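Let me begin by handing over the structure; questions about it come next.
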Amino acid sequence: MTLAGKPDVNLPGGAWESDRDYCPTLTPAGARMLDKLRGHPCAPRYRNRSGNKLLAAEVEALRAYEQDVMDAAIGWSAAAPPSWLAEFLRTTYATVPHYRACGSPPARLADVAPISRAELAHDIAAFVPDDADLARMINFQTTGTTGHPLLIASHPLVAGRYLAFHKRALRRFGVTLRHGAGQVGVMLLGHQRRCFTYVSVTPTMNESGLAKINLHVDDWRHPEDRARYLDAMAPELIAGDPISFAELLTLSMTHKPAALLSVSMMLLPGMRARLEAAFGCPVLDIYSLNEVGPVAVYDERAGGHVLLQHRLYVEILDTDGRPVPDGVRGEITVTGGFNFCLPLVRYRTGDYAALAHGPDGPVLVGLAGRSPLRYRTINGEWINNIDITHALKPLAIALFGVHQHGDGAVALRLVPGAMPQADRARALLAPFFGAIAVETLLAEDKIIQYTSDLREAAA
Amino acid sequence: MMNTSGPLLETLTHRLADTPAEFLAEPRIAGVANAQAVAVAALVNDIVLLHGARAPAASLQGFVGAQVKMDRNRLALAMILCWLLADEWFIAQRLPQHDLLQVLGEAARELAASTPAHQFTQDPERREELARIVLARLGFRPRDESVAQATDRLTAISGTERRRLLEASRLAEQRSREIREALAKKAAEESADKWSRE
């Protein structure tokens with residue numbers, strides 16, 4: 001039985017039995033919301049369990065944090081760095097093992113050697129502060145586009161804080177989220193052969209519903225159920241990436257959400273225009289990273305991506321690690337953040353932009369993030385690059401690249417140390433591409449993991 | 001052995017407390033863009049020359065910073081030691097090149113392994129520890145102390161510190177292991193909701 005007193009429907013196995021283990025503050029109304037999301041006749045087959053994991057005091061803390069985020073002004077510049085920065089450096093050098101090993105806190109941020117994803121991937125524990133509560137720690141796993149698999153140390157409060165930054169971003173576009181009890185607040189879309197899907201509630205929104213669904217037809221009884229379910233649940237917000245949004249555009253749904261949030265991949269202007277036309281609502285392009293959370297939102301009026309976090313300092317560095325002047329392109333490098341389990345000091349994101357300062361505060365201009373890519377299979381179907389990531393997951397390889405040539409032939413590039421796994425990799429990708437070539441990858445650090453010569457590869 | 005009487009301990013601890021900002025600046029390390037950073041090898045060479053000795057180029061190689069995590073704190077402490085060894089009492093001793101390089105190299109490496117360098121100028125206990133260790137490594141003891149007194153006090157101050165550091169090191173290793181286990185144990189996406197997924 002579920003907490004709402006109904007027979008279990010569409011309830012996959014998970015680490016725990018009860019929804020209250022996933023959502024500790026769950027009320028009967030929240031339980032009814034979970035039943036509604038799972039039990040609708042057109043619901044997808046939910047494959048996983050998850051939840052907000054928030055304790056009652058944390059829910060209150062999140063409400064206060066949300067207000068801080070909404071009220072905060074972001075007005076620093078290179079000449080006048082934010083006031084919190086000096087104390088942040090002192091604390092980080094005193095409590096984070098990696099920085100403690102580097103000695104005394106530096107007088108200036110510019111004296112800190114930047115780090116990249118490779119350092120975090122090498123030993124994430126060295127970047128977790130001494131006072132982070134391990135009992136409450138959670139992780140988020142990311143493969144990214146750089147090929148360095150990474151576990152991000154996090155906390156339910158940190159995950160809960162995402163909403164505050166989304167609300168700040170939405171406010172720029174005149175959208176205020178209002179859904180609460182009995183309504184679905186957000187649906188997170190995926191469009192992959194394999195996708196983590198679950199339902200939950202958001203306590204700070206009076207237990208409005210949250211569902212992560214996969215638009216891939218394999219997760220549904222009938223392909224038409226996708227639109228029926230979205231219409232029936234009527235989420236106030238839909239979040240996804242350009243690939244899942246491309247699929248959303250093919251559905252004959254009538255529901256109009258208050259906004260769409262595009263994250264994790266570059267949203268091309270053409271796709272944004274199509275989405276805006278189809279749904280008649282703002283489409284927000286959020287620059288967000290697992291390591292940092294939501295960093296910025298694109299606003300054409302501001303000329304780029306406007307920063308969202310009031311305790312995140314952004315520099316643009318050249319290849320030698322020197323800050324470049326405003327207006328000059330370089331690597332986006334961040335310090336601070338809201339994840340108290342992983343304070344970052346000069347973290348090179350691997351993404352590129354120029355910095356400008358205007359009435360909207362600091363703005364990332366010309367952001368070049370990760371591009372979505374799809375691959376043509378031997379059957380002529382298109383698959384998402386994330387499907388390739390999943391397929392290759394059993395292999396213990398840190399760096400790889402997959403390239404599709406103009407004739408459809410696929411080459412997998414492995415570092416020399418991973419070549420003994422070449423045969424297994426061939427077997428894992430054979431269902432998609434048949435026989436593939438395996439080449440030696442000589443790049444030592446970041447590579448563009450997915451590339452293609454096919455014009456239709458860009459979603 | 002601390003057979004030779006040296007300067008008053010307070011002279012050295014006061015000198016450490018008054019370390020000029022130039023000796024507390026960033027050491028130069030390869031790959032870190034910082035035009036103001038100090039070339040520690042050149043500084044060490046200057047100190048050796050002050051003592052009337054010469055440092056072979058190969059012996060200075062260890063003072064060229066190559067990697068932040070390995071070298072920054074050690075070289076920052078070597079800079080502080082350069083300031084200490086430029087005290088007029090030490091200069092008057094015309095210390096041999098080998099002894100100078102041993103203190104600037106090995107002693108700095110050992111002490112920097114777990115204490116931020118600038119604590120040796122800011123914290124009274126660490127100042128005393130550094131002053132006593134430098135004197136002892138060079139064969140001196142503080143003026144007005146017998147060999148037995150100097151030995152006891154050095155043992156007490158560095159013994160307590162060493163035990164503290166060993167315990168800290170043990171705890172750090174244990175915590176690192178616990179963090180890795182905690183992260184590995186929890187299935188990522190079962191852990192908590194985010195309103196978007198990167």
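Residue numbers start from 1 in every chain, and the chains themselves are labelled A, B, ... in the order their sequence lines are given, proteins ahead of strands. For clarity, every value in this text was computed on a predicted model and none was experimentally measured. All heavy atoms count here, side chains included; hydrogens, waters and symmetry mates do not.
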Notebook entry, point to check: Of the backbone (N, CA, C, O) and the side chain (C-beta and beyond), which part of D123(A) lies under 4.5 Å from a heavy atom of chain B, both, or neither?
Noted result: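 For D123(A), the side chain is the part near chain B, not the backbone.
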
Notebook entry, point to check: When you look at CD of E125(B), are more than 12 heavy atoms from neighbouring residues, nucleotides or ligands closer to it than 6.0 Å?
Noted result: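 Incorrect, the count does not exceed 12.
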
Next item on the list: Answer whether the closest heavy-atom distance between the side chains of L134(A) and E181(B) falls below 4.5 Å.
Entry: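 Not in contact.
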
Margin query: Report which part of A94(A) has an atom under 4.5 Å of a heavy atom belonging to chain B: side chain, backbone, both, or neither.
Written below: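 When you check distances to chain B, no heavy atom of A94(A) falls under 4.5 Å.
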
Note to self: If you compare all heavy atoms of M137(A) against all heavy atoms of L183(B), which two are closest, and at what distance to 0.1 Å?
What the structure shows: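 Answer, listing the atom of M137(A) first, then L183(B): SD-CD2, 3.9 Å.
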
Notebook entry, point to check: Can you check whether D111(A) reaches Q36(B) side chain to side chain, under 4.5 Å on heavy atoms?
Noted result: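 No; the side chains remain at least 4.5 Å from each other.
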
Note to self: For the interface with chain B, which of V128(A), I124(A), V112(A) has the highest count of heavy-atom pairs at distances below 4.5 Å?
What the structure shows: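 That would be V128(A).
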
Note to self: Please rank L237(A), D130(A), L317(A), L261(A) by heavy-atom pairs under 4.5 Å with chain B and give me the top one.
What the structure shows: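 Looking at each of L237(A), D130(A), L317(A), L261(A) in turn, D130(A) comes out on top.
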
Next item on the list: Select one option (side chain, backbone, both, neither) describing which atoms of A239(A) are under 4.5 Å from chain B's heavy atoms.
Entry: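 Interface part for A239(A): side chain.
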
Note to self: With chain B as the partner, which of V158(A), L210(A), D320(A) has the greatest number of non-hydrogen pairs under 4.5 Å?
What the structure shows: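 If we count pairs closer than 4.5 Å to chain B, L210(A) comes out on top.
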
Check: With side chains defined as the heavy atoms from C-beta onward, is the minimum distance between P106(A) and R72(B) less than 4.5 Å?
Finding: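 Sidechains of R72(B) and P106(A): in contact.
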
Notebook entry, point to check: Contact part of P323(A) toward chain B, heavy-atom cut-off under 4.5 Å: side chain, backbone, both or neither?
Noted result: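 No part of it gets close to chain B.
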
Checklist line | Closest contact, heavy atoms only, V68(B) versus C102(A) | finding: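 In terms of heavy atoms, the two residues are closest at CG1-SG, 3.7 Å.
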
Notebook entry, point to check: What do you reckon, is CZ of R54(B) surrounded by more than 12 foreign heavy atoms closer than 6.0 Å?
Noted result: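 Counting other residues, nucleotides and ligands, CZ of R54(B) stays at 12 neighbours or fewer.
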
Notebook entry, point to check: Under a 4.5 Å heavy-atom cut-off, does chain B meet the side chain of F165(A), its backbone, both or neither?
Noted result: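 For F165(A), no heavy atom lies under 4.5 Å from chain B.
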
Check: Between R161(A) and chain B, which part of the residue has a heavy atom less than 4.5 Å away: side chain, backbone, both or neither?
Finding: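 Neither part; nothing is under 4.5 Å.
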
Checklist line | Per-residue contact mode, E26(B) against chain A (heavy atom under 4.5 angstrom) | finding: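 Only the side chain of E26(B) comes within 4.5 Å of chain A.
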
Check: Near Q174(B) CD, under 6.0 Å, is it more than 12 heavy atoms from other residues, nucleotides or ligands?
Finding: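 Yes, the 6.0 Å shell around CD holds more than 12 heavy atoms from other groups.
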
Notebook entry, point to check: Can you say whether L177(A) sits under 4.5 Å from chain B via the side chain, the backbone, both, or neither, judging by heavy atoms?
Noted result: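 For L177(A), the contact with chain B is made by the side chain alone.
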
Notebook entry, point to check: When you look at CD of E167(B), are more than 12 heavy atoms from neighbouring residues, nucleotides or ligands closer to it than 6.0 Å?
Noted result: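 For E167(B), atom CD is crowded (more than 12 foreign heavy atoms under 6.0 Å).
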
Checklist line | Within-4.5 Å side-chain heavy-atom neighbours: L151(A) and R180(B) | finding: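 The answer is no; the side chains never approach within 4.5 Å.
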
Notebook entry, point to check: What part of V292(A) is in contact with chain B, defined as an atom under 4.5 angstrom from a non-hydrogen atom: side chain, backbone, both or neither?
Noted result: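 Neither part, no heavy atoms under 4.5 Å.
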
Next item on the list: Counting only heavy atoms closer than 4.5 Å, note whether A110(A) contacts chain B via side chain, backbone, both or neither.
Entry: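 For A110(A), the backbone is the part near chain B, not the side chain.
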
Item checked: Taking every non-hydrogen atom, the tightest pair across A117(B) and S104(A) ->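 Of all heavy-atom pairs spanning A117(B) and S104(A), the closest is N-OG, 3.5 Å.
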
Next item on the list: Heavy atoms only, distances under 4.5 angstrom: which of H155(A), R322(A), M187(A), H166(A) has the most pairs with chain B? Name it, please.
Entry: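 With the most close heavy-atom pairs to chain B, the winner is H166(A).
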
